[in-house]
Structures are given as C-alpha cells and as structure tokens.
Amino acid sequence: MSIEVKNISKSYGNQKALDDISFAVNKGEIVGFLGPNGAGKSTLMKILTTYIHPDEGSAMVNGHDIITEQKAVQLSIGYLPEHNPLYLDLYVREYLAFNADVYKVTKSRIEEVIQLTGLSTESHKKIGQLSKGFRQRVGLANALLHNPDVLILDEPTTGLDPNQLIEIRNVIKNVGKDKTVFLSTHIMQEVEAICDRVIIINNGKIVADKKLDNLFSEN
Ligand code: ADP
Ligand code: ADP
C-alpha cells in the first residue's frame, strides 16, 4: 500500500475541512482526488506531506507514519503544492541545483529530471521567462529530484491553457509510470485523461471512490 488514510479529521477553528476521511491507494495507481474549491483537497495533501497534522486519525505513506516518521515520509514523496513558490530570477538549472543540494542528489539527476519533464529547450532560461506550463514542469522536475515513490500533485494543471494542459498531462502520465500518483483537481476531464481511479471529496467527506472503467455504472 502506498497511501493509507484512516479516519482523518481536521478543523480550522469552527471550519471542518476534513471529516473522518479513510481510503487507501495501491502502489502504482494514478488516483484523481476530485472536488470543488474548499472541499478539503489541499488540507489532506498537506497532512500527507507532513506540513500540517490531523486533529484525529492517522496515515501512512510508503509504510511510514506521517506523525512519527516524518523524514521518511518526506523522502518518499515528491510534492507539487498548489501555489508552488518558484524563484523567478533563478535559471532553471540553478533552481534545481539548489534543491538537489538540499536532497543530496547528484548533478546528473538534474539533467535526468530536465529530460523527463521535457524542459530541455527551456533549461537555459530564467524561470521568470517561462510560460506557466513550463513553470509547472519546473515544479514537477523539482518534485522528482530525489526519485520519490509517491507523487502528490495539488491541482497541477489549474490555470494552464489547453495546449499546455495536454502537454503537462502527458508529462504526468509519463513520469508517473513507475510511481504512485495522487493528484487533486476540480475537473472531471482531468481525471478521465490521466487517472485509473477517482476519489471524490465534497465538504470534507469522501462521497465516491471508483475505478475509472466503472465510473458510470451503479457500483
Ligand atoms: P481545496 O484544496 O479542496 O480547495 P482546502 O483544503 O484548501 O480545500 O480547504 C478546505 C476548507 O478549509 C475550506 O473551507 C478552506 O477555506 C478552509 N481552510 C483551508 N486552509 C485554511 C486555513 N489555513 N485556515 C482556515 N481555513 C482554512
Ligand atoms: P492552498 O489551497 O494551497 O492552501 P490558498 O491560496 O487556498 O492555497 O491558501 C493560501 C494559504 O491560506 C494556505 O496556507 C491556506 O492553508 C490558507 N487558507 C486557505 N483558506 C483559508 C481560509 N478560509 N482562512 C484562512 N486561511 C486560509
């Protein structure tokens, strides 16, 4: 099991963002986490990546507990936050090299992730010169640096134009081949384009969990 979530609840003051959430994601699955704005998607992703803690419940990522084994969880995950802070004045390679240092990964891995995310033609530019689609690829490349088993992508295509959208979906499918991918979106077409399975969240509760083939059947 790559991700195991058990009875997680989380409130911000009186606002219940997650209400007794449970599900599991198998190794190698590409799962879409679908729900409208405010449903609780980012909150659950921040809990899985150990940025915030649940009020109740527990979760494991790659067999590691999100509370007692935070470092191991972080090393297992490549995370693309919804609002990825990029340093617009840095060259693509400089930015990746900085993070490669943090993760202690080799320089050749930087070239690998540039290839994997289709950034070769842009890698000599400053991040500020790139289109939104290519900036998202820099975020993806960064998430891939330490070759994590699990990718957690928070609304990776929101705000992209139709061409950029198709390209980044292909990149995600491609880099996700040998990984578990858990990605949030508020667009059903996104799930249909990329995912094997969809977990639907609304008002902090799971309202559906289906394989894509039987999405439109009764069970
Ligand atoms: P989604 O990612 O699906 O848009 P979020 O997890 O961001 O949903 O938000 C779930 C709910 O929790 C929303 O009502 C949101 O306004 C609220 N929320 C999220 N973060 C905070 C916070 N730091 N403080 C207060 N409320 C928050
Ligand atoms: P994200 O969806 O990645 O959390 P947002 O732009 O929605 O990004 O939120 C930016 C910051 O504000 C985050 O730290 C988030 O937790 C917090 N936040 C989101 N919704 C609320 C809210 N209703 N009240 C207070 N803080 C919030």
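In listed order, ligands and their atoms are each counted from 1. Residues take their numbers from the sequence shown, with the count starting at 1.
- Contacts with ligand 1 closer than 4.0 Å are made by side-chain heavy atoms of Q15 only, the backbone lying farther away.
- Applying side-chain contact (heavy atoms from CB on, under 4.5 Å) to F23 and the options I199, I8, V31, I201 leaves one that passes, I199.
- Under the 3.5 Å distance criterion, the side-chain polar atoms of S2 are left unmatched by any main-chain donor or acceptor of N62.
- Considering both main-chain and side-chain atoms, G38 comes within under 3.5 Å of ligand 1 through a nitrogen or oxygen pair.
- Residues passing the side chain to side chain contact (heavy atoms under 4.5 Å, CB included) test with N14, sequence neighbours excluded: none.
- Near P36, meaning under 4.0 Å from any of its heavy atoms, are these atoms of ligand 1: 3 (O).
- With N142 as the fixed residue, the side chain to side chain donor-acceptor pair (under 3.5 Å) test singles out one of N84, N99, T117: N99.
- At a 4.0 Å heavy-atom cut-off, ligand 1 does not touch S184 at all.
- Remark: ligand 1 atoms within the under-4.0 Å shell around heavy atoms of N37 are 4 (O).
- For G40, the closest heavy-atom approach to ligand 1 falls below 4.0 Å.
- Within ligand 1, counting atoms from 1 as listed, the ones closer than 4.0 Å to a heavy atom of A17 are 10 (C), 11 (C), 12 (O).
- Looking only at side-chain heavy atoms (C-beta outward), K179 and D149 stay at 4.5 Å or farther from each other.
- For the salt bridge (Lys or Arg N to Asp or Glu O under 4.0 Å) condition, the pairs that include at least one residue of residues 23-41, sequence neighbours left out, are E29-R197, E29-K211, K41-E155.
- Using a 4.0 Å heavy-atom cutoff, G204 is absent from the residues neighbouring ligand 1.
- Residues Y51 and Y79 bring their aromatic ring centres within 6.0 Å.
- Heavy-atom proximity to A39, at under 4.0 Å, picks out these atoms of ligand 1: 1 (P), 3 (O), 8 (O).
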